[in-house]
Amino acid sequence: MKKLALIIAIIGFGISAIAQNNPKGEKLTPDQQNQLQLKRMTLEYDLTPSQQKDLAPLLAGRNNKKRERREEMKANKENHKQLSANEKFEIKNKMLDEQIEFKSKMKKILTKEQFEKWEQHRHEKMKNIKHRKHLKHLKQNQNHPEDSK
């Protein structure tokens with residue numbers, strides 16, 4: 001019995017050592033991320049090769065814009081730059097314009113059924129994001145009860 005426990009412990013340490021050899025922070029390239037996203041969408045929405053060809057540059061462009069926005073927000077945060085109300089409005093307005101444009105292009109590329117399914121998944125994803133934010137907010141208030149007064 002002791003030998004079995006020893007073997008299990010050795011295997012456990014071996015697995016954790018292997019996991020630590022993979023340095024954290026190794027991320028996929030933007031091109032790899034775009035390819036994987038396109039393949040996931042192909043499987044989920046049963047895209048035709050023509051639709052895949054049309055969607056590839058659209059997804060790449062949107063992902064590049066998102067990445068640039070994220071980097072800009074990170075830089076602002078690191079520099080402790082506070083955006084004015086007008087700057088926030090401009091950023092949100094531009095983002096909404098981009099979403100409207102992306103949605104109209106998706107509507108042209110996808111069939112009616114595919115588009116409806118895509119819309120449904122998008123709404124579910126947004127609902128989950130809002131739910132997670134709400135849970136995070138509740139958790140923060142539990143950790144700092146004096147802040148919620």
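A quick note: this is a predicted structure, and the numbers were derived from the prediction, not measured. We number each residue from 1, following the sequence as shown.
Heavy-atom contacts from other residues, nucleotides or ligands closer than 6.0 Å to NE2 of His131 number 12 or fewer. At most 12 non-hydrogen atoms from other residues, nucleotides or ligands lie less than 6.0 angstrom from CD of Gln82. Surrounding NE2 of His121 are more than 12 heavy atoms belonging to other residues, nucleotides or ligands, all under 6.0 Å away.
For the residue pair Gln33/Asn63, the side-chain donor-acceptor check at 3.5 Å is not satisfied.
To the nearest 0.5 Å, atom OH of residue Tyr45 and atom CE of residue Met106 are 7.0 Å apart. Rounding to the nearest 0.5 angstrom, the gap separating the CD1 atom in Ile109 from the NZ atom in Lys53 is 11.0 Å. Put simply, CZ on Arg132 and NZ on Lys127 are 13.5 Å apart, with the number rounded to the nearest 0.5 Å. In this structure, NZ on Lys66 lies 10.0 Å from CE on Met95, to the nearest 0.5 angstrom. Remark: Asp31 CG to Leu36 CG distance equals 9.5 Å, nearest 0.5 Å. In this structure, NE2 in His137 is found 7.5 Å from NE2 in His134, a value given to the nearest 0.5 Å.
Within the 4.5 Å cutoff, the side chain of Lys117 has no heavy atoms near those of the Leu110 side chain. Lys139 has its side chain out of reach of Leu135: every pair of non-hydrogen atoms, C-beta onward, lies at least 4.5 Å apart. A heavy-atom distance below 4.5 Å is found between the side chains of Asn64 and Arg67. In this structure the side chain of Trp118 reaches within 4.5 angstrom of the side chain of Lys103, judged on heavy atoms. Arg62 places a side-chain heavy atom less than 4.5 Å from the side chain of Gln37. Within the 4.5 Å cutoff, the side chain of Met73 has no heavy atoms near those of the Ile91 side chain. Between Lys105 and Leu55, the closest side-chain pair of non-hydrogen atoms is not below 4.5 Å. With contacts defined as side-chain heavy-atom distances shorter than 4.5 Å, the pair Leu83/Phe89 does not qualify.
Shown here for Leu47 and Gln52, the closest heavy-atom pair between the two residues is O-NE2, 3.5 Å. Contact detail for Asp46 and Gln51: the closest heavy-atom pair is O-OE1, 4.2 Å. In this structure, Met41 and Leu59 approach most closely via the heavy-atom pair SD-CD1, 3.8 Å.
For the side chain to side chain donor-acceptor pair (under 3.5 Å) condition, the pairs that include at least one residue of residues 68-78, sequence neighbours left out, are Arg69-Glu98.
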Run the side chain to side chain contact (heavy atoms under 4.5 Å, CB included) test on Ile129 and Lys133 for me, step by step, so that the C-alpha distance in whole Å, both residues' side-chain angles and the decisive distance to 0.1 Å come before the verdict.
CA-CA 6 Å; Ile129 289 171; Lys133 283 183 179 180; 4.1 Å; yes
Working note: Lys81 + Glu87, criterion side chain to side chain contact (heavy atoms under 4.5 Å, CB included); need CA distance, chi angles, decisive distance, verdict.
CA-CA 12 Å; Lys81 180 182 178 193; Glu87 289 172 323; 4.0 Å; yes
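Listed by chain and residue number, nothing satisfies the side-chain hydrogen bond (donor to acceptor under 3.5 Å, both in side chains) test with Glu90 (two or more places apart in sequence, or in another chain).
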